[in-house]
Amino acid sequence: MTLRLGLGVFGMQSVPQRPDHHVKLYRDLLEDAELAEALGFEGIWLSEHHFWFDGYCPADIAAAGAILGRTKRLGVGTGVMLLPMHSVEKVAGDATTIARLGEGRLTLGVALGYRDAEFDGFGVRRKDRGKLMDSMLPRLASACRTADPAVPLYVGVASAVAAQRAGRLGLPLFADSTMNPAELRQMLDAYNDAASAAGVTPPASHALQRDVFVTDDRERDWPRLLPELRYMRLQYGGWSFPPEPAESVQAYLSRLESDVEAKLKNLIMGDAVEVAARLREFASLGFDLIVCRSQFGNLPRDLLHSAVEGLGRVRAEVES
Amino acid sequence: MKLGLGPIPLQGMARHELERLATAAVEASFDSVWVAESRSQGVGGGLAAAALVAQLVPIRVGALVDAGVYHPLHMAEDIAIADLTSQGRLEVLLRGGSDEHLQVLVAALSGAHLRFDGRELRVPARLDVNQPVPATLSLNPRPAQPIVPMWALQRAGALAHDLGLGLASAWSDGIKVPPATGRVPGMLLCRSGADPADLLRAAGESAGYFLIAAGTPPDVTAAGRRLAGPLRMPGFPEWINAQ
């Protein structure tokens, strides 16, 4: 199995520790896409959230259109769009047009979403997201399959239940960055069982997202990287599990902190040789596309570029 | 007077065709190039396509989009990102959509902390089962331009005037360019091969914004010679206007 590396995931956030105007952040995105193309990455991947104070990108396909206009060969993926907040007709209509104008370089990744305030903004009950996904996913898959060019579709998952949903349709997975190898194996087992029960032939391989930072000097870069990682993980943690009604502020912060510590353990950090070896382990599980998250919020430009160039060396190593 | 090329239908359009038309529009001195989605035919992505075209040409880009087919907050978000990636060169022509859809769209783009209780739309929905949720929400990020120029196609003037939208009409013989509203001129969508004399008559007293349909690069060049050259460089020698 040939392993391909994507560069991700970009949310164009104006983070408190480094606030930038969004005109600059999107100009940076287009420059980063050109760098990713020059370094030979499979694609650049975007992420979606709504109504957040730091301006997290809420419209991946519009941003993808700009990247596809700027580049000639680079793929662009949504990693991931929050499908239950959209309409299938809108996503399919947008994606098929942009895939055609992008000459087949658009890939869709879709997932459930989890933040109540985002569902509420669009008048959707968060608790209905699974049922909505059940009804929306087959229709979107059909539209993507019959489009010219076809639009590859991945299903973002962080649990066995979500993997079973994708398995019943035979759609490839886009596994969350926070899952460890044991959890990934369990999830793939659940996926394959569901596909088998549904009489569906599963795809030969899946995609995976990983937090990856390539550096030749860990001691030098870690103090600069840690605040950015903590910001990102605190944000996702706060969205994933808001405080319980009777929970004290102290208890909640402590719970969040534990989550941050646990998730930081999944970071792959090292020089190009070390990182390449770690990524190859995932290929043996059945993942042929790894979207390496090296942008955490809004890293200092020099730090990001150094990591991306290092990841370019990893790409050359693992794809050879 | 401003001249835009299009709107170019996106149905079946290949990238190289779109790029040739957009490049021809630049060479013919058009102010903008426009694309058109058609949701009723399953062709979406007007705003994303405008974002793509903006990376191909340096002039302004426009999108004819179908309002009311999906949530106006999604449209506001698409507009914001297309405007940011084009560094403030986006223009939008809205087709359809209820009054409430347009109200929410314009309010969201203004950056207001939004709370809207209409008959069709309630934003945020404040559903009991969603907790915790804020009492208001705001679009973030906002577009690059303080106000993205937007027009409403074939729509009565009162609401458009209240919302600061321009008025747009499709061409027919004897029609005048709609009056300017707020800071945008009225817009007229013209047939391919429009005669400059007809456009001047249609403009009447007001400075209009004309979108000129043209299906091929030679059409674009011809339209540019007829319109942009003679109208924008009166008194220049013929060898310049014929370029």
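Labels below follow one simple rule: chain letters A, B, ... track the order of the sequence lines, proteins then strands, and each chain is numbered from 1. The figures that follow rest on heavy atoms only: side chains count, while hydrogens, waters and symmetry mates do not.
- Only the side chain of B:H71 comes within contact range of chain A, with at least one heavy atom under 4.5 Å from a heavy atom of that chain.
- For chain A, the option among B:R122, B:R126, B:Q55 with the highest count of heavy-atom pairs below 4.5 Å is B:Q55.
- Interface remark: A:E103 contributes side-chain atoms only to the contact with chain B (heavy atom separation under 4.5 Å).
- With respect to chain B, the highest number of heavy-atom pairs below 4.5 Å among A:A64, A:P58, A:A95 belongs to A:P58.
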Quiz: residues 131-138 of chain A side-chain donor-acceptor pairs under 3.5 angstrom, not counting sequence neighbours:
{"unit_1": "A:D134", "atom_1": "OD1", "unit_2": "A:R165", "atom_2": "NE", "d": "2.7"}
{"unit_1": "A:S135", "atom_1": "OG", "unit_2": "A:L132", "atom_2": "O", "d": "3.1"}

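- Top candidate by heavy-atom pairs under 4.5 Å with chain B, chosen from A:T96, A:L68, A:L25, A:I67, is A:L68.
- A:R100 places a side-chain N or O within 3.5 Å of a backbone atom of B:L10 that can act as its donor or acceptor partner.
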Next on the checklist: Run A:R301 and A:E31 through salt bridge (charged side-chain N to carboxylate O under 4.0 Å, His left out) and show every step you take.
Outcome noted: CA-CA 11 Å; A:R301 301 292 289 158; A:E31 287 176 9; 3.8 Å; yes
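- The choice from B:L18, B:T85, B:V123, B:I81 that makes the most heavy-atom pairs within less than 4.5 Å of chain A is B:I81.
- Evaluation of the salt bridge (Lys or Arg N to Asp or Glu O under 4.0 Å) test over residues 60-76 of chain A, restricted to residues two or more places apart or in two chains, returns A:E34-A:R70.
- Between the side chains of A:Y231 and A:D54, at least one donor N or O sits under 3.5 Å from an acceptor N or O.
- When atom types are taken as modelled, the side chain of A:R115 and the backbone of A:H50 share a donor-acceptor pair closer than 3.5 angstrom.
- Among the residues in residues 89-115 of chain B, none has a non-hydrogen atom closer than 4.5 angstrom to a non-hydrogen atom of chain A.
- A:I61 touches chain B through backbone and side chain together, each having a heavy atom under 4.5 Å away.
- Only the backbone of B:A14 comes within contact range of chain A, with heavy atoms under 4.5 Å apart.
- Looking only at heavy-atom pairs under 4.5 Å with chain B, the residue among A:D128, A:D148, A:V124 that has the most is A:V124.
- B:L127 places a side-chain heavy atom less than 4.5 Å from the side chain of A:D120.
- Remark: B:K2 does not engage B:D31 in a salt bridge, criterion side-chain N to carboxylate O under 4.0 Å.
- Using a 3.5 Å distance cut-off with no hydrogens or angles, the side chains of A:S47 and A:W45 do not pair a donor with an acceptor.
- Counting heavy-atom pairs closer than 4.5 Å to chain B, the top-ranked of the candidates A:D94, A:L30, A:L29 is A:D94.
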Using a 3.5 Å cut-off and no angle test, enumerate the donor-acceptor pairs between side-chain atoms of residues 40-47 of chain B and protein atoms at least two apart in sequence or in another chain.
{"unit_1": "B:Q41", "atom_1": "OE1", "unit_2": "B:S38", "atom_2": "OG", "d": "2.9"}
{"unit_1": "B:Q41", "atom_1": "NE2", "unit_2": "B:Q11", "atom_2": "OE1", "d": "3.4"}

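- Using the six-membered ring where Trp is involved, A:F51 and A:F122 have ring planes that are tilted, between 30° and 60° apart.
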